[in-house]
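See below for the structure under consideration.
Just so it is clear, the structure is predicted and the values come from calculations on it, not from any experiment. Position 1 is the first residue of the sequence, and the numbers go up from there. In each ligand, atom 1 is the first atom listed, and ligand 1 is the first ligand listed.
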Amino acid sequence: MNFTKFPRRNYLQGNTPIEFMPALTQILGGDVNLYVKRDDLLPGSAGGNKTRKLEFCIADALERGADTIITCGAVQSNHARLTASWSAKESLECHLILEERVAGSYKEDGSGNNFLFELLGVKSIAVVEGGSDMMAQMETKAEKLSAAGKKPYIIPGGASNSIGSMGYAMCAEEIMGQLNEMRLDIDHIIVPSGSAGTHAGMVVGMRGVNSNIPVSGVNVSRTKDVQEEIVYKLGGEIAEKLNLMNGIARDDIVCFDQYVGPGYSLPTDSMIEAVKLFAKSEAILLDPVYSGKTAAGLIDLVRKGHFPKNSNVLFLHTGGSPALYAYMDTFRQK
Ligand SMILES: *Cc1c(COP(=O)(O)O)cnc(C)c1O
C-alpha cells in the first residue's frame, strides 16, 4: 500500500511489540496460543490507538494552516486525551466537547482521563447531553473560534474518518511485516470496534497486503448489524483513498455484540474478569470501556472453542488504562 500521498507526522517512533502471552494461554486451557499487539505502548501520553490516527489527522490540520483543534468524545475519552496530548506537543490549542452518555458521569474534579484533559492544558471543555449531534456542536464551536480570529480544525469522534483510519491500514502492514520476520502464522486477529476506524483500517490493511488473516471486531456499544454496516462503509472509503483494486467485501466485516452488556462504558462481570486476568497473569493493563470488553470476548471465544485447536490468535491492545482510575470502585467490589 502507498501511504506517501497523505500528510503524516512522525509520532510512532517504530513498531509496537507483538508478544506471546504464555500464562494467559495456559490459564485458558493451552489449546489456543494467545498473542498481543501492544498498541497500548504507543507514544503520546499514556499510549493507545488514537496516536496512529492522529498522526494523519493532525498532519492534515497543520497542512491546512490550523492553529486550533476541536474534537469530541465521551467523558472518559482516550481519544480526547490523546488529541489534547498531541495538540500540546504541536503547540496547537485544543477544545473538547464531551458527551455525557451516562447522565451525571462528568465530574469537574473527576479522575482518569478527565483529570488528564486539564493537566494537558486543554483550552476549553464543554459537556453536552447524551445523544447530542456532536458534529453540529463542534461546528458551532468552530464558528465562534473563527470569529475570534482562530483557524480551527475539527477531528471527528475517535478520529474515525478516512484520514485517521489510514493509521490502522498502516498498522496492518506493520503487523504483517513483524509476523513475517518472526515467522509467526497468526490465524485470527481480534480488535475492538467502537467508532470503527481501528476495525475498518485493519480489515482494509490486511486486504491491502493480501494477508488472508481474518479480523473480527468486538463491539463496545452498538448491535452487530448496525456496527458491521458502519465498519463496512468506512472501510470502503479507506480502500478508495488507497486505490485498492478490489476494495473489501461485506463478508470481511464480522462483529460480536454479546460483550457490550447494559451499554457503552457500563461495567460487565466478564470485563472485570478479563481486566483482572490480564493484570495478574501477564501484567498487562486493559481498560473498562474498550480493551476490557474486547478481551472478555476473546476469553469467551477461546472457552467456547470458537478457534480451532492450536490456532494462533492475536489480540490488538488499543490502550485506555487511565480510565481504570475512574472505575476503582467497580473493581474493588468484586
Ligand atoms: C477509541 C478506542 C477504541 C476503539 O477504537 P475505534 O477506532 O474508535 O473503534 C478501543 N480502545 C481504546 C482504548 C480506545 O480509546
Side-chain angles (χ1 to χ4, degrees), residues 16 36-42 44-57 71-86 99 101 112-114 116-117 134 155-172 189-205 215-222 226-228 230-235 237-238 253 255-257 259-260 264-265 271 274-275 278 284-298 315-327:
T16 57
V36 56
K37 170 72 172 167
R38 300 292 306 269
D39 270 10
D40 58 318
L41 301 180
L42 280 166
S45 40
N49 64 342
K50 302 313 180 304
T51 287
R52 288 192 192 270
K53 299 160 154 197
L54 291 167
E55 183 175 67
F56 284 93
C57 291
T71 198
C72 67
V75 299
Q76 278 295 334
S77 170
N78 300 299
H79 163 68
R81 184 231 318 145
L82 281 166
T83 303
S85 170
W86 290 113
E99 182 187 2
R101 297 185 191 173
N113 286 310
N114 217 165
L116 297 179
F117 300 154
M134 299 307 283
I155 298 179
S160 279
N161 53 11
S162 60
I163 299 172
S165 307
M166 201 68 74
Y168 269 91
M170 232 176 125
C171 177
I189 299 177
I190 298 287
V191 304
S193 203
S195 64
T198 302
H199 187 181
M202 281 290 291
V203 170
V204 171
V215 177
S216 297
V218 177
N219 296 2
V220 297
S221 61
R222 302 188 186 90
V226 172
Q227 184 70 9
E228 285 180 351
I230 292 172
V231 176
Y232 182 54
K233 182 168 173 288
L234 180 57
E237 290 166 21
I238 306 164
I253 312 295
C255 285
F256 294 96
D257 65 2
Y259 309 103
V260 175
Y264 176 81
S265 79
M271 176 282 287
V275 169
F278 268 68
I284 290 174
L285 300 181
L286 302 175
D287 83 279
V289 182
Y290 297 96
S291 52
K293 285 186 180 175
T294 306
L298 172 74
F315 169 73
L316 176 63
H317 186 352
T318 45
S321 67
L324 282 173
Y325 306 104
Y327 284 75

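- For the pair Lys50 and Tyr168, the cation-pi criterion (under 6.0 Å, within 45° of the ring axis) is not fulfilled.
- Nearest protein neighbour of atom 13 (C) of ligand 1, counting heavy atoms only, is Gly319 O, 3.1 Å.
- Ring geometry, Tyr290 versus Tyr264: the interplanar angle exceeds 60°, so the pair is classed perpendicular (tilted spans 30 to 60°).
- A donor-acceptor pair shorter than 3.5 Å can be found between the side chains of Lys53 and Ser160.
- Of the protein's heavy atoms, Gly194 N, 2.7 Å lies nearest to atom 9 (O) of ligand 1.
- Arg81 meets the salt bridge (charged side-chain N to carboxylate O under 4.0 Å, His left out) test with no other residue; sequence neighbours excluded.
- Close approach of ligand 1 to Ser160 is summarised as follows: ligand atoms under 4.0 Å from at least one heavy atom of the residue are 7 (O).
- With respect to atom 14 (C) of ligand 1, the closest heavy atom belonging to the protein is Lys50 NZ, 2.9 Å.
- At under 3.5 Å, not a single nitrogen or oxygen of Gly158, backbone or side chain, sits near a nitrogen or oxygen of ligand 1.
- In this structure, atom 11 (N) of ligand 1 lies nearest to the protein heavy atom Thr318 OG1, 2.6 Å.
- Taking a cut-off of under 4.0 Å to the non-hydrogen atoms of Gly320, the atoms of ligand 1 that pass are 13 (C).
- With no hydrogens or angles considered, a side-chain donor-acceptor pair links Thr16 and Asp39 at under 3.5 Å.
- Considering backbone and side-chain atoms together, His199 places no N or O closer than 3.5 Å to any N or O of ligand 1.
- By the 3.5 Å distance cut-off applied to N or O atoms, Asn78 is counted among the residues near ligand 1.
- Side-chain atoms of Asn78 and Asp287 include no donor-acceptor pair closer than 3.5 Å.
- Between Lys53 and ligand 1, at least one pair of N/O atoms sits closer than 3.5 Å.
- In terms of polar-atom proximity, His79 is not counted as a contact of ligand 1, lacking any N or O under 3.5 Å from an N or O of the ligand.
- Atom 8 (O) of ligand 1 has its closest protein heavy atom at Ser195 OG, 2.5 Å.
- With no hydrogens or angles considered, a side-chain donor-acceptor pair links Thr198 and Asn49 at under 3.5 Å.
- Nearest heavy-atom pair across Met271 and Ala296 is N-CB, 3.9 Å.
- By the 4.5 Å heavy-atom criterion applied to side chains, Arg101 and Ser265 are not counted as neighbours.
- With hydrogens left out, the protein atom closest to atom 5 (O) of ligand 1 is Asn49 ND2, 3.1 Å, a heavy atom.
- Every atom of ligand 1 with a heavy atom of Pro192 under 4.0 Å away is listed here by number and element: 10 (C).
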